[in-house]
Amino acid sequence: MKLQFTGVGFDGTSVDLGCPLSLSFHAALTCPYSEMTVQVLPKEKRLKSVTLLVDETPFFEGLVLTQTLEKRLAGATKLVCRSKPGYLMEENQINPYAYFQVSGQSIVNDYAKPFGIAGVRLDENKTINIMLVSEKESYWDYLTQFFVQAYGKPPYIRRDNYIELTPYTGRSFLFSPSGTGGTRYLDFSEHFHTRTLSKIYFYTGTDDFGSLYEESYSNPSAEAVGFQKELYVHPTRSWVTEHEKYADYLFYKSMVDSRAVEVTLPGWHDFEPGDGISFDRGNGPAESLYVGETRIITGKEGITTIVRLWDPSRNLLA
């Protein structure tokens, strides 16, 4: 496996960064950007962006957030980087205004492509007559609100910088403890969290005694959790007329990663969030899960890939 790591300085010149001394990569399905932290041989030039090719195939392209030149011992330059389109869309705030006749294509053309998004894959180009935007909302917030309100699904950014409304890539793999017929893993662990929302109440006005929250929505999937977790919400104007869809989105966020199987694999494996995985524990039928998060860690001890598999039954907006 060949890692080709290059940077671009603020003066526009290219810099060969060589093979990283260490690397840590993280991508999650619910985050619009991936993050990579690397250490390379000392470089004096201040870097603006980096590109990583794996066996001459593009793997990561991002902006350099921090650059630290460490002088101790042999010295190294540490770079913390995030993939460009999603990071910029989340970091920049949109003008809090009213936007009219917003369609799936137009919102991507106007508010995503300028940051580096290549396009959007849609089966139908739906339109919302008016989108109200609140203060302190990012471009990514705006896109998320539009697609949830128009299509009932949140957007996802693929590695090719296209936006899709499905969490699944369409690729499928087998994880097996022996590696027979699939990818061998070293070990795994089961993880659960109980942040699942059971009910949401929405602000509906006031009376002589204060605020009223007389509109509510229940999460039918929360019954299996076995305990109550309720939320009272006074939504921003972006969601003021879409309480039910906002409730569905908040239910989705509270439980999409509520169950995870964390699998450790030896070596470098390029699994993308959204890949389908048949997970074989070695003692029964394989379970159908999908990649929610992936980490790749390299260093003196070698390369390890850690994949978190999520349960598709807990993705309420898939």
Side-chain angles (χ1 to χ4, degrees), residues 6-15 25-36 46-53 58-67 79-167 169 236-239 242 249 272-274 317:
T6 58
V8 176
F10 278 86
D11 59 1
T13 60
S14 179
V15 181
F25 171 83
H26 177 239
L29 188 68
T30 50
C31 182
Y33 58 82
S34 53
E35 185 171 58
M36 188 168 66
R46 190 170 167 224
L47 300 174
K48 179 181 180 181
S49 63
V50 296
T51 301
L52 177 65
L53 303 182
F59 178 81
F60 178 88
E61 180 179 0
L63 300 173
V64 177
L65 272 64
T66 65
Q67 179 174 341
L79 305 171
V80 177
C81 317
R82 287 180 179 171
S83 56
K84 178 181 176 181
Y87 174 69
L88 289 178
M89 290 176 67
E90 192 166 81
E91 282 296 296
N92 285 275
Q93 294 182 356
I94 190 171
N95 182 12
Y97 195 63
Y99 297 84
F100 301 92
Q101 295 298 313
V102 182
S103 70
Q105 289 289 347
S106 69
I107 195 172
V108 170
N109 290 341
D110 295 341
Y111 304 105
K113 283 187 175 181
F115 292 100
I117 292 296
V120 59
R121 298 184 178 106
L122 296 172
D123 293 331
E124 181 182 0
N125 193 29
K126 296 183 179 181
T127 300
I128 291 180
N129 291 331
I130 181 171
M131 289 284 297
L132 301 175
V133 176
S134 305
E135 291 183 352
K136 298 182 180 180
E137 290 185 355
S138 70
Y139 282 77
W140 185 247
D141 292 334
Y142 180 45
L143 260 73
T144 298
Q145 291 158 8
F146 169 80
F147 283 114
V148 170
Q149 292 179 22
Y151 295 84
K153 297 181 178 182
Y156 302 92
I157 299 178
R158 296 294 182 215
R159 190 178 294 170
D160 62 1
N161 287 330
Y162 273 85
I163 288 176
E164 295 184 355
L165 300 186
T166 173
T169 65
T236 65
R237 69 178 197 153
S238 302
W239 294 99
E242 296 288 355
Y249 179 60
E272 187 175 352
L317 299 183

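Heads up: numbering here begins at 1 and tracks the sequence. Note that the structure is predicted; figures quoted are calculated from it, not measured.
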Next on the checklist: How close do Tyr249 and Pro154 get, counting heavy atoms only, and between which atoms?
Outcome noted: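 Heavy-atom minimum between the residues: CE1-CB, 4.3 Å.
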Item to check | Qualifying residues under side chain to side chain donor-acceptor pair (under 3.5 Å), relative to Arg158, sequence neighbours excluded | outcome: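 For Arg158 the side chain to side chain donor-acceptor pair (under 3.5 Å) partners, ignoring immediate neighbours, are Glu164.
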Item to check | By side chain to side chain contact (heavy atoms under 4.5 Å, CB included) - contacts of Thr66 (at least two apart) | outcome: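 With sequence neighbours excluded, Thr66 shows a side chain to side chain contact (heavy atoms under 4.5 Å, CB included) to Val80, given in chain and number order.
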Next on the checklist: Pair Glu61, Asn161 - check side chain to side chain contact (heavy atoms under 4.5 Å, CB included), show working.
Outcome noted: CA-CA 11 Å; Glu61 180 179 0; Asn161 287 330; 5.7 Å; no
Checklist entry - Rounded to the nearest 0.5 Å, how far does OG of Ser83 lie from CZ of Arg159? => result 10.0 Å
Item to check | Heavy-atom closest pair, residues Ala98 and Ile130 | outcome: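 Minimum heavy-atom contact is CB-CD1, 4.1 Å.
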Checklist entry - Out of curiosity, Glu90 CD to Trp140 CH2, how far, rounded to the nearest 0.5 Å? => result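 Between atom CD of Glu90 and atom CH2 of Trp140 there are 9.0 Å.
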Item to check | Pair listing, side chain to side chain donor-acceptor pair (under 3.5 Å) test, anchored in residues 91-100, at least two apart | outcome: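 Found none.
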Item to check | Heavy-atom side-chain proximity of Ser49 to Lys84 below 4.5 angstrom | outcome: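 No, too far: nothing below the 4.5 Å cut-off.
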Item to check | pair Thr127-Gln101: side-chain heavy atoms closer than 4.5 Å | outcome: yes
Next on the checklist: Phe59: which residues meet the ring-ring contact (aromatic ring centres under 6.0 Å, His included) condition with it, sequence neighbours left out?
Outcome noted: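 If we apply the ring-ring contact (aromatic ring centres under 6.0 Å, His included) test to Phe59, skipping adjacent residues, the hits are Phe25, Trp268.
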Next on the checklist: I want to check something: taking the side chain as every heavy atom from C-beta on, are Tyr33 and Leu63 in contact at a cut-off of under 4.5 Å?
Outcome noted: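 Tyr33 does not reach Leu63 side chain to side chain.
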Checklist entry - So, the side chain of Arg82 versus the backbone of Val64: is there a donor-acceptor pair under 3.5 Å, distance only? => result no
Next on the checklist: Does atom CG (Asp11) have a neighbourhood of more than 12 heavy atoms from anything else shown, all under 6.0 Å?
Outcome noted: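 Yes.
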Checklist entry - So do the side chains of Phe60 and Cys81 get within less than 4.5 Å of each other, counting heavy atoms only? => result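 They are in contact (side-chain heavy atoms under 4.5 Å apart), so the answer is yes.
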Checklist entry - Which heavy atom of Pro155 sits nearest a heavy atom of Leu165, and at what distance? => result CA-CD2, 3.9 Å
Next on the checklist: Working note: Asp141 + Thr144, criterion side-chain hydrogen bond (donor to acceptor under 3.5 Å, both in side chains); need CA distance, chi angles, decisive distance, verdict.
Outcome noted: CA-CA 5 Å; Asp141 292 334; Thr144 298; 5.7 Å; no
Next on the checklist: Surrounding CZ of Arg46 (heavy atoms of other residues, nucleotides or ligands, distance under 6.0 Å), is the total greater than 12?
Outcome noted: no
Next on the checklist: On a heavy-atom basis, which atom in Ala27 and which in Ser34 lie closest, and how many Å separate them?
Outcome noted: CB-CB, 3.9 Å
Next on the checklist: For the CD atom of Glu137 and the OG1 atom of Thr236, what is their distance to the nearest 0.5 Å?
Outcome noted: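 Between Glu137 CD and Thr236 OG1, I get 5.0 Å after rounding to 0.5 Å.
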Next on the checklist: Under a 3.5 Å distance rule, please check whether Tyr156 uses its side chain to pair with a backbone N or O of Thr169 as donor and acceptor.
Outcome noted: no
Item to check | Taking every non-hydrogen atom, the tightest pair across Val120 and Gly104 | outcome: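 Taking Val120 first and Gly104 second, the nearest heavy atoms are CG1-O, 4.1 Å.
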Checklist entry - Considering only heavy atoms from C-beta outward, does the side chain of Val108 approach that of Phe147 to under 4.5 Å? => result yes
Item to check | Pairwise distance CD(Glu242) to CD1(Ile128) - rounded to 0.5 angstrom | outcome: 6.5 Å
Checklist entry - Is the shortest heavy-atom distance from the side chain of Ile107 to the side chain of Met131 under 4.5 Å? => result no
Item to check | Under the side chain to side chain donor-acceptor pair (under 3.5 Å) test, residues paired with Asn109 that sit two or more places apart | outcome: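 Applying side chain to side chain donor-acceptor pair (under 3.5 Å) to Asn109 gives Lys113.
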Item to check | Within-4.5 Å side-chain heavy-atom neighbours: Ile117 and Tyr139 | outcome: no
Checklist entry - By side chain to side chain contact (heavy atoms under 4.5 Å, CB included), which residues pair with Lys48, not counting sequence neighbours? => result Phe10
Checklist entry - Roughly how far, to the nearest 0.5 Å, is the CG atom of Leu79 from the CD atom of Gln67? => result 5.5 Å
Item to check | Side-chain heavy atoms of Gln149 within contact of Trp239, under 4.5 Å | outcome: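 They are in contact (side-chain heavy atoms under 4.5 Å apart), so the answer is yes.
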Checklist outcome for this item: OH of Tyr111 to CE of Met89, rounded to nearest 0.5 Å, is 11.5 Å
Checklist outcome for this item: Of all heavy-atom pairs linking Gln105 and Asn125, the shortest is N-OD1, 2.9 Å
